[in-house]
Enquirer: 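Dropping a structure here in structure tokens format, bear with me for questions.
Quick caveat, the model's predicted, so the values are computed rather than measured.
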Amino acid sequence: MMKEQAPREALPFGKASKSLDLQGFLIRYGLFVIVIGSFLFTLSVPVVLLMSKPNYETAALMRIDPVIPSLITKSEDPSIINYYQDYANTQARRMKDHDILKKTFERLTPDQKSAILSASLPSEVAASILTGMIQVKPVYGTHLLEITASSPKKEGLAPLINNFMQVFLEKIRKSNESQDSERLSYLQQKKQALLTEIATIEEKLNLLTKDIGTADFAENFNLANMQAIELQKQYLHAYTTRLLAEHQKQEVENNGRELSKLSLDPMIEEMVMGDPSLDVTSSWTYQQQQQLRSTTDGLTPSNPDRIYVEERMKAMQEYEKKLLNDVRQTAKTILYGKRDYDLKKELIAATNRSEQTKNQETKIHTRLDSLKKESIRISLGLHIGESLKAELKHKRILREQIDTRIHELEVEGKAPLRLSIESRARQPESPKGSNTQKLLMMFFAASFGSVATLFLGLEFFDNRIRRPEEIRQALGYPPLPAIAKSAAGIQPLRMVTDAPDDPAAQTISNIAVHFIKEKNRNNTRVILFSGTEEGTGTTTIAYNCALALARITPKILFIDANIDNTALQALENMPAPNDGLAGFLNASQPLSNYLLSTGHHLPDILYAGSRQAEPVLQLRLGELIEQAKATYDIVCIDAPPVLESSLTAHITQHTDLCALVCLTNSTQYATLRKAAEKLVRLEMPAITILMNEGGRHKSMNIDRILETKPGMLKNIDIAQIESIMKKLPPPNQLFATLLNKSKPVIQAAKEKAAAIKDKKKKKKNPS
């Protein structure tokens, strides 16, 4: 049951087409297939007897060796014991290749071809026919393959099998040689590529040897590295010497600065004191002064002679002082100059030593850097040379392996095959049997298969609903229990009251209980009954549901809304009243004026009424439902099919539940989906499906029951076929009639077949 609002897709859980019911097909058409197939097979028996011929058969054997003699090669395992059965089956399948059969037929002589098939038959067609004639299968428990061939003629069978085996062996040999040829070609190309690569690597090694000066790519032969190690020691010595020289220079500079601060006055005074000229001059001056002082004795201070002598003595003293100062200045100049000279000389010597050691260190460092770069370059060359040498060794080993494999393949190309001919086919002397059994099976399958295919096609295109499962497929949910066909002699319109024990009445009563549950659960009070099409029994089901509801709920109203084609009035054989539903919709009087009360425990009825010339208005339809709901507990409305009436579509807007009625073996699958989809589009609150099995089924019509009609039906007189099928007797009587009529034909065919065999025997044995 679907409730609430309609989704975007009206029927999201249903399938657009009906699935095939194989069980129902067997029940419906199984007997027809047996009867018609048996009749066709009976008619084909004489044809089988006329077409039957003797069958000759010949056989040959081929051996598969699980182990073959091993050659010098060790790369392949010559044993197939672990997978022998798979290997044998594979070879049996390979032998029946189309090309092998084609070449086999081409090898036969024209006479041999004529004996088997036809000399003028194309090879392609003959190969396709030989696929069925020749059989290849492994013989269980042996290492043999059995090749058999059968034909109505014994000539040509043995040459066919023998040529067939020979062609297959030639193909295997050629395949092996071709495979080895491809391998050899590949290996030769690979070998040539390796030789080219080896030559390239050797050329690179030669150039590298010339560049780094060694062919032994080991670090012990890196002369630049060894020179760099020795030069590194010299550089360390030069570096130490330079540091010592700089230290000495700095010491000299510090000593000079400190010595410059010392005073040389004592040494100057010492030199002055030790100067002999000063001693002579001082002694001479002293003597002269004594002599001059002696000359002034007795002279007055103002005496000119005394003044002269005193001035002379004073001049001599000044000279002595001047000489002393000159000697002192000279000593000072000499001592300070000598000290500066000595300091500068020592500084120059220290500076020269420092510069010399620095230059020596720089030269050694420059040479050391050059040797390091050369050592790195030679190391990289040694590394590259070592890689090239290893690659050269690998290439040479690979070339030797390829040379070995080439030699092995050349030897293997001459190795024996695993398959060989064990015994050749011989021409058969007598027939092994006949093709009668095969023909009987073929005609049996054709007779019953054609009839079964015909009815299966009819079943496949049949669109009628027959099972509740098909309703589940169409809508996505199951229907309520199917309403069975009522017993004969029961008035269908009042079966609930007249025959409550009838299966159909009981089902309708159960449906009424279901509606009561819906009323209690969801307040469902207005129930619309509508069929998928006309003639589904909607009126009968709706009125009986109203009768069943009236026995459970006191106030029930039944509305016949089928104004154009009322079925209730026709079933009760009463004329249509003028003041029914049509009168209420076109007037303004209350609903009570148009109702008919039928008695205790029976529903009140609002008949459809007679339609006048003017159209029926639908403005008061909502007012009708509201007045009915105000007075009655449940309102049942019998409406025309929703796909055919706009009035029904309007009624759905005022109802709580729609019971959609479909007729078994009559309602179309697509029609049911269209009706349900329209109700969903109209936003029907709830929909349930009632499946009626006891309605008045429509007569069979191929145009109507087929969902998708094949185009060939346009060229067939369907009406004539339908009339013939309707005139057919019951299946049992039809089968008996066909059997009786076919007995003389079968007897005549047997007599004719016996006469033909007698003629053949007389030709073989004229005596």
Side-chain angles (χ1 to χ4, degrees), residues 491-497 525-531 533-550 553-659 661:
Q491 175 63 27
L493 190 61
R494 299 180 181 272
M495 69 175 74
V496 172
T497 57
R525 299 179 59 194
V526 182
I527 303 173
L528 172 65
F529 291 85
S530 177
E533 56 190 334
E534 290 289 345
T536 58
T538 306
T539 301
T540 302
I541 294 174
Y543 188 70
N544 278 280
C545 279
L547 292 175
L549 289 170
T553 303
K555 294 184 178 181
I556 302 296
L557 174 63
F558 180 81
I559 300 176
D560 184 5
N562 199 341
I563 299 175
D564 295 333
N565 187 17
T566 175
L568 181 62
Q569 295 166 184
L571 291 173
E572 291 189 338
N573 297 320
M574 63 172 293
N578 296 326
D579 53 356
L581 176 62
F584 173 82
L585 294 176
N586 288 332
S588 59
Q589 297 182 15
L591 177 62
S592 58
N593 295 341
Y594 300 92
L595 297 178
L596 176 63
S597 179
T598 56
H600 186 60
H601 297 306
L602 293 175
D604 293 345
I605 301 176
L606 176 61
Y607 285 97
S610 60
R611 180 175 179 177
Q612 305 299 326
E614 67 276 4
V616 176
L617 302 177
Q618 301 181 18
L619 296 176
R620 301 189 67 196
L621 188 59
E623 179 184 349
L624 168 65
I625 302 299
E626 292 300 326
Q627 292 185 22
K629 290 172 67 176
T631 306
Y632 295 94
D633 295 328
I634 296 178
V635 179
C636 298
I637 304 175
D638 176 25
V642 68
L643 294 176
E644 302 174 5
S645 173
S646 60
L647 176 61
T648 304
H650 191 183
I651 293 174
T652 59
Q653 306 304 310
H654 305 283
T655 54
D656 303 320
L657 170 67
C658 177
V661 182

Enquirer: Just wondering, do Thr536 and Ile541 contact through their side chains at under 4.5 Å, heavy atoms?
Expert: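 Not in contact.
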Enquirer: Without swapping roles, check the side chain of Thr655 against the backbone of Thr652 for a donor-acceptor pair under 3.5 Å.
Expert: yes
Enquirer: Taking side chain as C-beta onward, heavy atoms only, is Cys636 less than 4.5 Å from Leu557?
Expert: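 They are not in side-chain contact.
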Enquirer: Report yes or no: does Arg525 contribute a side-chain atom to a donor-acceptor pair with the main-chain N or O of Asp656 at less than 3.5 Å?
Expert: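 Side chain of Arg525 to backbone of Asp656: no pair is present.
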Enquirer: On a heavy-atom basis, which atom in Ala546 and which in Phe558 lie closest, and how many Å separate them?
Expert: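 In this case the closest contact between Ala546 and Phe558 is CB-CD1, 3.9 Å.
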Enquirer: Please walk me through it: do Leu596 and Asp604 pass side chain to side chain contact (heavy atoms under 4.5 Å, CB included)?
Expert: CA-CA 6 Å; Leu596 176 63; Asp604 293 345; over 6 Å; no
Enquirer: Using side chain to side chain contact (heavy atoms under 4.5 Å, CB included), reason through Leu585 and Leu619 one step at a time and then give a plain yes or no.
Expert: CA-CA 7 Å; Leu585 294 176; Leu619 296 176; over 6 Å; no
Enquirer: Hey, does the side chain of Asn544 reach the backbone of Thr540 with a donor-acceptor pair shorter than 3.5 angstrom?
Expert: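 Looks like yes, one N/O pair under 3.5 Å.
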Enquirer: Given 3.5 Å as the limit, does a donor-acceptor pair link the side chain of Thr648 with the main chain of Pro640, or not?
Expert: yes
Enquirer: Which atom pair, heavy atoms only, marks the closest approach of Val526 to Ile625?
Expert: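 So the minimum-distance heavy-atom pair works out to CG2-CG2, 3.9 Å.
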Enquirer: Given side chains that start at C-beta, do those of Val496 and Tyr543 come closer than 4.5 Å, heavy atoms only?
Expert: no
Enquirer: I'd like to know if the side chain of Asn562 and the backbone of Ala639 have a donor-acceptor N/O pair within less than 3.5 Å.
Expert: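 Checking the backbone N and O of Ala639 against the side chain of Asn562, no donor-acceptor pair under 3.5 Å is found.
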Enquirer: Can you check whether Ala561's main-chain N or O pairs, donor with acceptor, with Asp638's side chain at less than 3.5 Å?
Expert: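 Not confirmed, Asp638 side chain does not pair with Ala561 backbone.
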Enquirer: Closest heavy-atom contact between Ala587 and Tyr594?
Expert: CB-OH, 3.3 Å
Enquirer: If every non-hydrogen atom of Val635 is compared with every non-hydrogen atom of Lys629, which pair is closest and at what distance?
Expert: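 In terms of heavy atoms, the two residues are closest at CG2-N, 4.5 Å.
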Enquirer: Identify the two heavy atoms, one from Cys545 and one from Phe529, that lie closest to each other, and give their separation to 0.1 Å.
Expert: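 Distance-wise, the nearest heavy atoms are CB-CZ, 3.8 Å.
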Enquirer: Are the side chain of Thr631 and the backbone N or O of Gln627 linked by a donor-acceptor pair below 3.5 Å?
Expert: yes
Enquirer: State, with a plain yes or no, whether a side-chain heavy atom of Gln618 is found less than 4.5 Å away from one of Ser646.
Expert: yes
